Amino acid sequence: MTSRSEEYNVPFLHGLDSSDAIEEFLENRAVWGVELRWWPSLVWWETKLLWILSWASIIVSVFNYMLSFATLMFTGHLGALELAGASIANVGIQGLAYGIMLGMASAVQTVCGQAYGAKKYSSMGIVCQRAMILHLGAAFLLTFLYWFSGAFLRAIGQSDSIAEQGQLFARGLIPQLYAFALSCPMQRFLQAQNIVNPLAYMAVGVFLVHLLLTWVVVFVLDFGLLGAALTLSFSWWLLVILNGLYIVLSPSCKETWTGLSIRAFTGIWPYFKLTAASAVMLCLEIWYNQGLVLISGLLPNPTISLDTITVCMSYQTWDICFMLGMSAAASIRVSNELGAGHPRVTKFSVIVVNANSILISVAIGSGWQAIVAYVNIVTYYFIGLPIGCVLGFKTSLEVAGIWWGMIVGVTLQTLTLIVLTVRTNWNVEVEKATDRLKRSANEETLGLVAGA
């Protein structure tokens with residue numbers, strides 16, 4: 001006669017109905033009460049799922065970043081002034097827009113991820129369209145910043161010549177701003193369905209085309225800084241077209257994308273509240289790093305200080321790209337399991353995610369963006385930044401002191417998120433996810449984020 005423990009070994013051997021079977025396996029025991037011999041199988045199952053999603057998400061994040069990075073490399077051949085203008089526009093203007101757009105897009109991960117887990121597939125297309133509407137609205141408002149970026153750059157202390165070149169580069173990126181507004185929701189829409197490999201192939205392909213086009217525009221046609229910016233915009237629109245064609249034509253999206261609908265304009269306000277919280281959450285992190293660079297320029301020896309912290313930030317940017325890919329995958333796992341009504345599997349996923357040091361993904365998958373925004377304000381701006389300023393300006397540490405202030409802020413944020421996840425009742429979170437998916441006169445299209 002087969003023992004009960006042997007019956008529960010089946011999902012790990014054959015991968016049949018893994019999530020449902022493991023939820024049942026954990027139902028009569030707490031996660032921490034699982035026998036030690038089952039932990040290797042459980043951890044392997046969750047880690048495998050996480051990395052199947054992660055590797056492609058990391059590639060997407062890295063190669064999307066490489067589009068801008070490669071453009072800056074080519075502008076360096078135009079001259080020092082052009083490179084300075086493009087660089088400051090990339091950090092001060094484009095970085096601001098990226099923070100807002102990526103933050104807003106995390107709301108798509110939350111809602112679409114939970115809807116996919118709950119098998120409310122037709123709702124996902126409406127959510128994606130609703131997100132596009134809000135992203136395009138944000139892009140319209142940011143257009144004024146791009147167009148009048150010269151005045152903004154002068155206001156933060158840049159010289160007239162650098163501000164002029166930065167404005168020229170930023171104006172060439174206005175089409176890219178609208179492409180990014182569409183690409184962010186579409187990528188999160190596909191990732192929420194665990195469709196990640198096609199996104200990786202498209203990201204790599206567009207990057208290779210971008211290298212060729214930028215080389216032709218800069219070196220052969222000699223179109224200068226504006227040509228380089230417009231080429232970057234074109235490459236992003238190429239990525240949008242490929243993403244869009246996949247969503248419309250692929251059989252994988254036939255249940256989740258049912259065409260454009262006027263219903264996307266309903267329920268905008270409750271979705272906007274989650275989107276705004278998401279944007280604030282990520283912007284506070286990005287602006288924290290950018291603020292450190294600006295503060296370093298006020299130290300007694302600004303040239304060395306800026307060079308030093310710029311090198312450190314360059315390495316950190318690659319790390320951020322890697323972690324954004326991991327975070328996207330982990331938030332999909334958490335939101336899918338919450339939507340599927342699996343509190344025990346969700347809790348176990350969170351344990352594995354925390355072991356991989358991507359706590360922010362737990363917040364995104366659970367819809368905690370507003371809470372994390374408050375955590376970021378306190379740990380980064382009320383604690384980390386003042387400590388960095390004191391150490392940088394009042395001691396001999398200078399730029400190293402500012403860097404240590406950043407480390408203090410990040411450490412406190414991590415500890416706070418650990419306490420938050422440990423104290424979370426995941427049964428309650430499942431109920432919240434269920435309510436979010438049901439609250440509306442039309443369960444499939446309206447109010448998916450009401451009460452978030």
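Counting from 1, the numbers follow the sequence of the chain as shown. Not measured: the values here are computed from a predicted model.
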### Query
Hey, does L199 have a side-chain heavy atom less than 4.5 Å from the side chain of Y246?
no

### Message
For a quick test of reading the model, state the closest non-hydrogen atom pair linking S149 to I93 and the distance between them.
### Response
CB-CD1, 3.8 Å

### Sub-4.5 Å side-chain heavy-atom contact between Y146 and Q94
yes

### Task
Please tell me if the side chains of F169 and L226 come closer than 4.5 Å, counting only heavy atoms from C-beta onward.
no

### Query
Can you tell if the side chain of S57 reaches within under 4.5 Å of the side chain of Q191, non-hydrogen atoms only?
yes

### Task
Drop me the distance from Q165's CD to L153's CG, to the nearest 0.5 angstrom.
11.5 Å

### Task
Identify the heavy atoms of L391 and G401 that sit nearest to each other, and give their distance.
CB-CA, 3.6 Å

### Task
Take V209 and V206, measure what side-chain contact (heavy atoms from CB on, under 4.5 Å) needs, and give me the verdict at the end.
CA-CA 5 Å; V209 172; V206 169; 5.6 Å; no

### Task
Identify the heavy atoms of L78 and G224 that sit nearest to each other, and give their distance.
CD1-C, 3.6 Å

### Query
Can you tell me if H135 uses its side chain to pair, donor with acceptor, with the backbone of M101 under 3.5 Å?
yes

### Query
How long is the span from the SG atom in C128 to the CG atom in L182, to the nearest 0.5 Å?
9.0 Å

### Parallel, tilted or perpendicular: rings of F140 and F144 (30°, 60°)
perpendicular

#### Entry: Residue pair V196 / L190, side-chain heavy-atom distance below 4.5 Å
no

### Task
State, with a plain yes or no, whether a side-chain heavy atom of I387 is found less than 4.5 Å away from one of W404.
no

### Summary
In this structure, CD of E164 is separated from CZ of R154 (nearest 0.5 Å) by 7.5 Å

### Query
Do other residues, nucleotides or ligands put more than 12 heavy atoms under 6.0 Å from W237 CH2?
yes

### Query
Is there a side-chain contact between V218 and F223 (heavy atoms, below 4.5 Å)?
no

### Task
Kindly determine whether N64 and L239 satisfy side-chain contact (heavy atoms from CB on, under 4.5 Å), including the steps that lead there.
CA-CA 9 Å; N64 284 351; L239 190 63; 3.5 Å; yes

#### Entry: Worked verdict on N243 versus S183 for side-chain contact (heavy atoms from CB on, under 4.5 Å)
CA-CA 7 Å; N243 290 169; S183 177; 3.9 Å; yes

### Query
Under 30°, 30 to 60°, or over 60°: which ring-plane class applies to W236 and F180, parallel, tilted or perpendicular?
perpendicular

### Task
Using the ring-ring contact (aromatic ring centres under 6.0 Å, His included) rule, pick out the option among F63, Y65, Y201 that qualifies with F207.
F63

### Message
Any non-hydrogen side-chain atom of N197 less than 4.5 Å from a side-chain atom of W55?
### Response
yes

### V60 versus Q187, closest heavy-atom pair with distance
CG1-OE1, 3.7 Å

### Message
To the nearest 0.5 Å, what is the distance between CG on N90 and OH on Y98?
### Response
7.0 Å

### Task
Verify, without hydrogens or angle tests, whether T411 (side chain) and I407 (backbone) share a donor-acceptor contact under 3.5 angstrom.
yes

### Message
Using side-chain contact (heavy atoms from CB on, under 4.5 Å), reason through H77 and E82 one step at a time and then give a plain yes or no.
### Response
CA-CA 9 Å; H77 292 278; E82 287 82 358; over 6 Å; no

#### Entry: Side-chain (R188) to main-chain (V108) donor-acceptor, under 3.5 angstrom
no

### Message
Can you tell me if F234 has over 12 outside heavy atoms packed within less than 6.0 Å of its CZ?
### Response
no

### Message
For a quick check under 3.5 Å, do S233 and Y178 share a side-chain donor-acceptor pair by atom type?
### Response
no

### Query
What are the two closest non-hydrogen atoms of L232 and H210, and how far apart are they?
CA-CE1, 3.6 Å

### Reported CG-to-CE distance for the pair L83 and M73, which is rounded to 0.5 angstrom
11.0 Å

### Query
Counting only N and O atoms by type, is there a donor-acceptor contact under 3.5 Å from the side chain of T379 to the main-chain atoms of V375?
yes

### Message
Please give me the minimum heavy-atom distance between P386 and Y381, naming the atom from each residue.
### Response
CD-O, 3.2 Å

### Query
Got a second to check how far L142's CG is from L177's CG, nearest 0.5 Å?
5.5 Å

